[in-house]
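Structure first, then comments.
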Amino acid sequence: MGVRKRNLLQILLTAIPLSVLPVFYCVWLFTKTPIYLESVFAGTLLLALVSVLYVKFIAQCMSFFVPESPVSVVGREGLRSNRRSGVREILVLLTAIFVFRVLMIILCYYIYYRQNGYACTFFSAQRMFGSQLDARHYMAIAEHGYVTSTANGANLTLVFLPLYSYLTKIAAAFSGNYVRAGFFVNHIAAIMGCLMLYLLVKIDFDRKTARRAVKYFCILPAACLLYANMSDSLFFALSVTSLYFMRKRRFPLAALAAGFACYTRLIGVTLLVPLIMEYAKMLSDARIDPKIHEKHYYLKTALTGCSILIVPLFVGIYLLQNYLLWGNWFQFLVYQKENWYQTFSWFFQTAGYQTDYLIGGIVSGTTSTVLGTWIPNLVYIFASVSVLLLSCKRMRASYVAYFGAYFLMAVSVSWLLSAPRYLTCCFPLILGLALLTRRKAVDIPLTLVSLAGFVIYLMGLVSGYPIY
């Protein structure tokens, strides 16, 4: 494609969406006018930040798909920072992660004891984390599967995807205890997620950057919520595994991991965005690849592309479960709307109503909700977009696209309670933090702030604050 045509395409791809968004923004202001002026400002600011990020992303895309000679990881192994990870290096990393998680569990005990005077054993954290947040729903699926009984809202477990619960059920066959089994599965998934995160970041960056990425994933304030018996750690492990195989151009394995991620949390469908982009990048590079003239090259490439269909297949399995139980392929959406008030809402509208709730909570004196829900939600929403804006130039365009799809799906809902937990599992945000903290003058203060936030968040969780 010529330079002139490429520039015209870039202008069109940038201008068309950015001309449509203001229309929906005006519709929001006139049909669902926020209560407070500050809410209008919050929605406007988020729209502006996302728009700037989109402009940067389109510029990156235009260069991302320019054909280049295939870069082999083997060709970079002579560099100290990019040589293959040795057994000792991996063992040190895994040991550090394991020790950190054990120390955080002990800290949780200490906080619980100081606040409630309850002397508990080390292993009773399994019961505590097994009853927090949505953990009881996942444990119910593990024990009983999906059910149609409406007694005590048992049927509402349908909105939670089942892979984590199925793995818990398998582990429970050995332990005899579902909460203990879920605790085990969750922590193994978190440790493996950290390992795959390290390996993924090391493909493009040095070891120090990879270590910082693991560090920030472990110490972000909302990371304490990943200790509960829920699917977040498993989802993160599967998503970074999928991205790792994408970067290695092993697309069938990447699609399989992405499919399992979808079967863990529906937001995993956003992995289709980087998967398709990386596959298209491979096709673009193939134009100057000498292997293009080899026998069966096109057949192999076509079959590799077909493997992407694995991802919607897993989504289809979950929808089929909906249909077999209730005769409605999308019954989970009915429950989300009726019981969690979840419908589509533009991301800028979300910033608006979250600010409305924040100010309303301050006025009414509901401090626990303000501190536990609305402030963390808004901080994570704006901070995540800001981090990507500052770091996207050093990221692959496919990662920026993944963040955009993930962010929009996570935030564009009418009753958002768990933005910190959702966004903590978004790989580009973690990578962005690692890239922005290359200097110790930035890394050390942010590390201390994150650790302090982690402890405060954990104290609020143990104290029963509305933290989701």
Side-chain angles (χ1 to χ4, degrees), residues 32 130-169 178-179 182 186 225-226 228-235 238 259-272 311-347 349-350 353-354 357 369 372-374 377 405-423 425 466-468:
K32 297 183 179 180
S131 61
Q132 293 284 359
L133 308 169
D134 292 322
R136 58 189 180 89
H137 297 298
Y138 287 105
M139 295 301 97
I141 297 171
E143 191 168 358
H144 307 292
Y146 290 135
V147 296
T148 55
S149 171
T150 57
N152 298 317
N155 57 312
L156 300 180
T157 57
L158 185 65
V159 305
F160 301 95
L161 278 81
L163 182 59
Y164 168 73
S165 299
Y166 291 165
L167 293 177
T168 297
K169 188 175 186 68
Y178 284 97
V179 173
N186 183 44
L225 303 180
L226 274 59
N229 286 19
M230 297 187 296
S231 63
D232 301 271
S233 294
L234 178 61
F235 169 78
L238 290 169
F260 280 124
C262 286
Y263 204 50
T264 304
R265 281 185 54 198
L266 196 56
I267 200 171
V269 73
T270 57
L271 285 164
L272 275 172
V311 181
L313 175 63
F314 275 89
V315 177
I317 293 172
Y318 172 63
L319 298 181
L320 179 61
Q321 289 178 287
N322 278 252
Y323 179 78
L324 293 177
L325 282 169
W326 292 96
N328 180 3
W329 295 88
F330 300 97
Q331 183 66 28
F332 74 100
L333 292 177
V334 175
Y335 289 150
Q336 283 186 336
K337 183 177 181 180
E338 291 179 352
N339 296 276
W340 283 275
Y341 313 105
Q342 290 283 23
T343 57
F344 175 78
S345 171
W346 287 102
F347 60 92
Q349 182 177 340
T350 300
Y353 75 71
Q354 292 275 321
Y357 292 143
T369 306
T373 306
W374 310 130
N377 276 357
Y406 188 105
F407 179 84
L408 293 178
M409 189 169 179
V411 173
S412 299
V413 292
S414 58
W415 182 243
L416 180 63
L417 298 175
S418 309
R421 176 160 58 93
Y422 294 161
L423 292 172
C425 294
I467 293 173
Y468 304 101

Taking the side chain as everything from C-beta on, heavy atoms only, tell me whether [X] gets closer than 4.5 Å to [Y].
X    : Y    : value
V315 : Y263 : no
Y323 : Q331 : no
W374 : L417 : yes

Are any side-chain N or O atoms of [X] and backbone N or O atoms of [Y], one a donor and one an acceptor, separated by less than 3.5 Å?
X    : Y    : answer
N322 : F332 : yes
S414 : Y341 : yes
R421 : Y468 : yes
N328 : F330 : yes
T373 : P466 : yes
S412 : F344 : no
Y164 : A142 : no
Q354 : L416 : yes
N229 : V179 : yes

Flag the pair F314 / F260 as yes when their ring centroid distance falls below 6.0 Å, and as no otherwise. yes
Name the orientation class of the two ring planes belonging to Y357 and W415 (parallel below 30°, tilted from 30 to 60°, perpendicular beyond 60°). perpendicular
Kindly compute the distance separating [atom1] ([X]) from [atom2] ([Y]), expressed to the nearest 0.5 Å.
X    : Y    : atom1 : atom2 : answer
Y422 : R265 : OH    : CZ    : 6.0 Å
E143 : K169 : CD    : NZ    : 7.5 Å
L266 : L319 : CG    : CG    : 7.5 Å
I317 : Q321 : CD1   : CD    : 8.0 Å
Y166 : L161 : OH    : CG    : 9.5 Å
W346 : L408 : CH2   : CG    : 8.5 Å

What pair of heavy atoms forms the shortest contact from [X] to [Y], and how long is it?
X    : Y    : answer
C425 : Y406 : CB-OH, 3.8 Å
T157 : A140 : CG2-CB, 4.2 Å
Y318 : P162 : CD1-CD, 4.4 Å
V269 : C262 : N-SG, 3.2 Å
S233 : L226 : OG-O, 3.2 Å
F160 : I141 : O-CD1, 3.5 Å

Is there a side-chain hydrogen bond (donor to acceptor under 3.5 Å, both in side chains) between Y335 and N155? Walk through the geometry before answering. CA-CA 9 Å; Y335 289 150; N155 57 312; 3.0 Å; yes
Apply side-chain contact (heavy atoms from CB on, under 4.5 Å) to the pair L271 and V311, showing each step before the final yes or no. CA-CA 9 Å; L271 285 164; V311 181; 5.9 Å; no
V413 and Q336: CA distance, side-chain angles, deciding distance, side-chain contact (heavy atoms from CB on, under 4.5 Å) verdict: CA-CA 11 Å; V413 292; Q336 283 186 336; over 6 Å; no
Quick one: do L158 and W326 satisfy side-chain contact (heavy atoms from CB on, under 4.5 Å)? Show the steps, please. CA-CA 10 Å; L158 185 65; W326 292 96; 3.7 Å; yes
Before giving the answer on side-chain contact (heavy atoms from CB on, under 4.5 Å), spell out for L238 and L163 the whole-Å C-alpha distance, their side-chain angles and the decisive distance to 0.1 Å. CA-CA 11 Å; L238 290 169; L163 182 59; 3.9 Å; yes
Does a donor on one side chain and an acceptor on the other come within less than 3.5 Å for S231 and T264? no
